[in-house]
Amino acid sequence: MRAVIAEDLFLLRDGLTRMLQAHGMTVTAAVENGDDLLSAVNEERPDVAIVDVRLPPTFSDEGLRAALQARKDHPGLPILVLSQYVEQLYARELLAGGAGGIGYLLKDRVFDSAQFIDAVRRVAGGGTAMDPEVISRLLARNTGDGSLSALSPREREVLALMAEGRSNAAIAQRMVITERAVAKHTASIFAKLDLQPSNDDNRRVLAVLAYLGA
Amino acid sequence: MRKPLRPDRVLAVAQCLALAVLALAGLGLVLVMAGGPALAIGISVALSGSGWRVAQALGVAAAGLALWACLLPAAASAIRPLATMARALSGRWCQAPIAAPYLAEPAGGGLWRPIAQLRDDPAARRDLAWMAVDGCLGGVVLLVPVVAVVAGLVVFIGSRVLPQIPPPAYPGNSTGSILIAGAALTAAGLYAAPWLLRAHGALASMLLGPAGTAELEQRVQHLSRTRTETIDAGAAEIRRIERDLHDGAQARLVAMGMTLDAAGNLIEEDPKAARALLFEARDNSAKALRELRELVRGIHPPVLADRGLPEAIKALALDTPLRIHLTSDPEQVARLSAPIESAAYFAVSELVANVTKHAQASQAWIDIRRENTMLKITVADDGRGGADPAQGSGLRGIERRLAAFDGVLAVTSPPGGPTVITVEVPCAPS
Ligand SMILES: Nc1ncnc2c1ncn2[C@@H]1O[C@H](COP(=O)(O)OP(=O)(O)OP(=O)(O)O)[C@@H](O)[C@H]1O
Ligand SMILES: [Mg+2]
């Protein structure tokens with residue numbers, strides 16, 4: 001798997017590169033600003049681009065804008081955006097296209113390399129990886145107007161993990177229940193929220209995120 | 001043809017009368033305040049002249065002075081209400097509103113406060129001057145049209161109703177000429193009244209309005225107060241940040257260092273325990289990061305830094321568990337100066353927090369716009385109303401923070417709602 005990294009802090013860029021390499025990925029370019037990211041993506045056609053939101057020269061949301069631009073130039077290009085903080089506003093913009101292959105995670109998530117690499121793989125495979133913090137705030141907002149009140153606490157837990165982009169197998173492992181139990185929960189959730197059931201994992205996640213207003 | 005008996009002229013005569021009465025009341029007040037000692041001296045001189053012994057006369061004078069000293073605070077405390085009333089009436093009736101010129105003053109002060117005002121506030125002394133001038137001038141001149149109209153009417157009606165009474169005998173006198181004289185007198189009064197009222201209004205706004213220096217003094221007072229408050233608030237904020245860092249991230253980093261050290265010592269003999277310690281250190285670093293993130297959010301929210309006010313408020317609305325309708329013209333309010341953006345953001349953030357905490361609202365509206373050099377943000381909700389800055393520290397905090405930019409907070413929140421709160425801050429055109 002070939003990855004491009006855009007991160008301005010040397011320590012993090014280096015650490016990320018080594019982590020990806022340790023898990024058998026190739027880092028074809030590690031750049032430090034948005035423009036270089038766009039040209040690296042053009043040249044390398046990577047399987048995934050990992051991008052920091054805040055990049056020089058403006059140190060505002062330069063990386064995010066470069067990521068959105070790269071998605072426009074190469075529809076479907078898998079992009080994982082990393083940030084010191086997560087914002088629903090930015091999650092929305094990333095998900096606005098309605099296609100998969102999008103990740104948005106706090107930088108802290110690199111602390112757990114297994115989980116992080118799993119997220120990178122998921123995004124590269126066209127899936128979704130939303131940070132638990134984004135999801136919990138989404139859920140909080142939807143709990144406010146009562147639209148999730150029909151769900152049981154267990155179902156809410158499944159919903160949160162599903163919205164992060166995890167597969168049934170991953171959810172089962174995480175909650176220490178069987179995959180069949182997860183499938184039952186998801187079916188019930190889809191029925192209660194009046195969503196079209198789907199066997200395609202990605203489409204299912206995007207439907208849930210859209211329902212939550214992400 | 002211009003008719004003399006227009007309702008506005010009649011009204012003007014009545015208004016002249018009211019202002020004249022007010023002027024005379026003011027004159028009375030001035031006489032009480034200034035005339036006390038003069039009266040006492042006069043009485044004692046008169047008494048000693050009329051055969052009283054000097055000691056007795058002085059005693060009476062001293063008693064008079066004591067009485068005057070007791071009356072003084074009462075009289076002085078009547079000055080400001082009277083002047084305020086004159087300002088309001090004259091402003092309304094002459095279509096020239098007069099701003100109150102007073103300096104803000106420390107709370108309390110009790111009985112001697114009006115006297116202190118006379119000492120400290122030039123505007124209070126100008127009030128007194130106004131009363132003296134208006135009492136001598138306005139009290140007389142304003143009565144002229146009133147007297148003219150009344151006298152004219154008396155003559156006019158008198159000559160019609162009581163024709164049997166023989167008119168005073170002087171050359172050329174006849175019922176007809178008296179009739180004409182009465183009518184003319186009334187008409188003259190009616191014509192003169194609005195004109196006099198306007199002249200009086202001009203005089204009032206000159207003496208009762210803020211003098212050039214009074215305006216500057218008010219401004220200086222406002223600026224030095226808000227500057228002190230801003231500095232205090234800034235210092236308090238820095239102390240809070242220091243404390244948060246000290247108790248939060250810093251403490252966690254210390255703990256992490258110790259855990260890592262322990263893990264290093266254990267790694268040979270008990271790799272399993274070392275591993276557990278390493279994970280503990282990792283979790284601590286995640287917690288430290290989370291605390292730093294919250295701290296940064298409270299100092300300067302990331303979206304505000306990245307994209308400016310409208311987008312930051314949009315992000316705030318997305319994070320709030322409430323239906324919020326946001327309208328803004330992003331072009332108009334593109335990038336403002338950073339301190340104003342920040343003050344406006346935290347104002348909206350507190351207002352939105354209040355809506356979720358207190359209002360029991362089903363939805364809220366936020367509108368951001370710029371009118372010339374005014375940034376205007378309205379936060380409204382359909383909740384239960386009753387917002388009151390006196391009841392907490394949040395709204396007053398906003399007021400204080402805005403005051404540093406000459407910004408203001410306006411609260412409309414009747415019991416039962418709805419609540420509409422407006423923030424206005426002057427912002428230089430960018
Ligand atoms: N939108 C609102 N609807 C109804 N009541 C409100 C609203 N906003 C404020 N209030 C009332 O006005 C009072 C003052 O609000 P303020 O923000 O100054 O203080 P607070 O929210 O109680 O405390 P603090 O903000 O200091 O934590 C509140 O206690 C509440 O009763
Ligand atoms: Mg409050």
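Numbers restart at 1 for each chain; the letters A, B, ... are given by sequence-line order, proteins then strands. Note that these values count all heavy atoms, side chains included, but never hydrogens, waters or copies made by symmetry.
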Quiz item: Would you call A:Glu7 and A:Arg54 a salt bridge, taking side-chain N to carboxylate O under 4.0 Å as the test?
Solution: no

Quiz prompt | Part of A:Val134 within contact of chain B (heavy atom distance under 4.5 Å) | solution = neither

Quiz item: Is the backbone of B:Gly392 close enough, under 3.5 Å, to the side chain of B:Arg396 for a donor and an acceptor to pair up by distance?
Solution: yes

Quiz item: chain A heavy atoms under 4.5 Å from B:Ser285: which part of the residue, side chain, backbone, both or neither?
Solution: both

Quiz item: Using non-hydrogen atoms only, which part of A:Arg109 is less than 4.5 Å away from chain B: side chain, backbone, both, or neither?
Solution: neither

Quiz item: Quick one: what part of A:Leu138 sits under 4.5 Å from any heavy atom of chain B, side chain, backbone, both or neither?
Solution: neither

Quiz item: Does A:Leu77 offer a backbone N or O that forms a donor-acceptor pair with the side chain of A:Arg71 under 3.5 Å?
Solution: yes

Quiz item: With the threshold set at 4.0 Å, does a side-chain nitrogen-carboxylate oxygen contact exist between B:Lys376 and B:Asp367?
Solution: no

Quiz prompt | Part of A:Glu62 lying under 4.5 Å from any heavy atom of chain B | solution = neither

Self-check item: Salt bridge B:Asp244-B:Arg240, side-chain N to carboxylate O under 4.0 Å
Solution: yes

Exercise. Sort B:Arg293 into side chain, backbone, both or neither according to what part of it lies under 4.5 angstrom from a heavy atom of chain A.
Key: side chain

Exercise. Could you tell me which of B:Pro301, B:Ala317, B:Pro302 has the largest number of non-hydrogen atom pairs under 4.5 Å with chain A?
Key: B:Pro302

Exercise. Just give me the residue among A:Asp108, A:Thr58, A:Asp112 that pairs up with chain B most often, heavy atom to heavy atom, under 4.5 Å.
Key: A:Asp108

Quiz prompt | Residues B:Arg239 and B:Glu242 bridged, charged N to O under 4.0 Å | solution = no

Exercise. Would you mind checking which part of A:Gln88 comes under 4.5 Å of any heavy atom in chain B, side chain (CB onward), backbone (N, CA, C, O), both or neither?
Key: both

Self-check item: A:Val53 backbone acceptor or donor facing A:Asp61 side chain under 3.5 Å
Solution: no

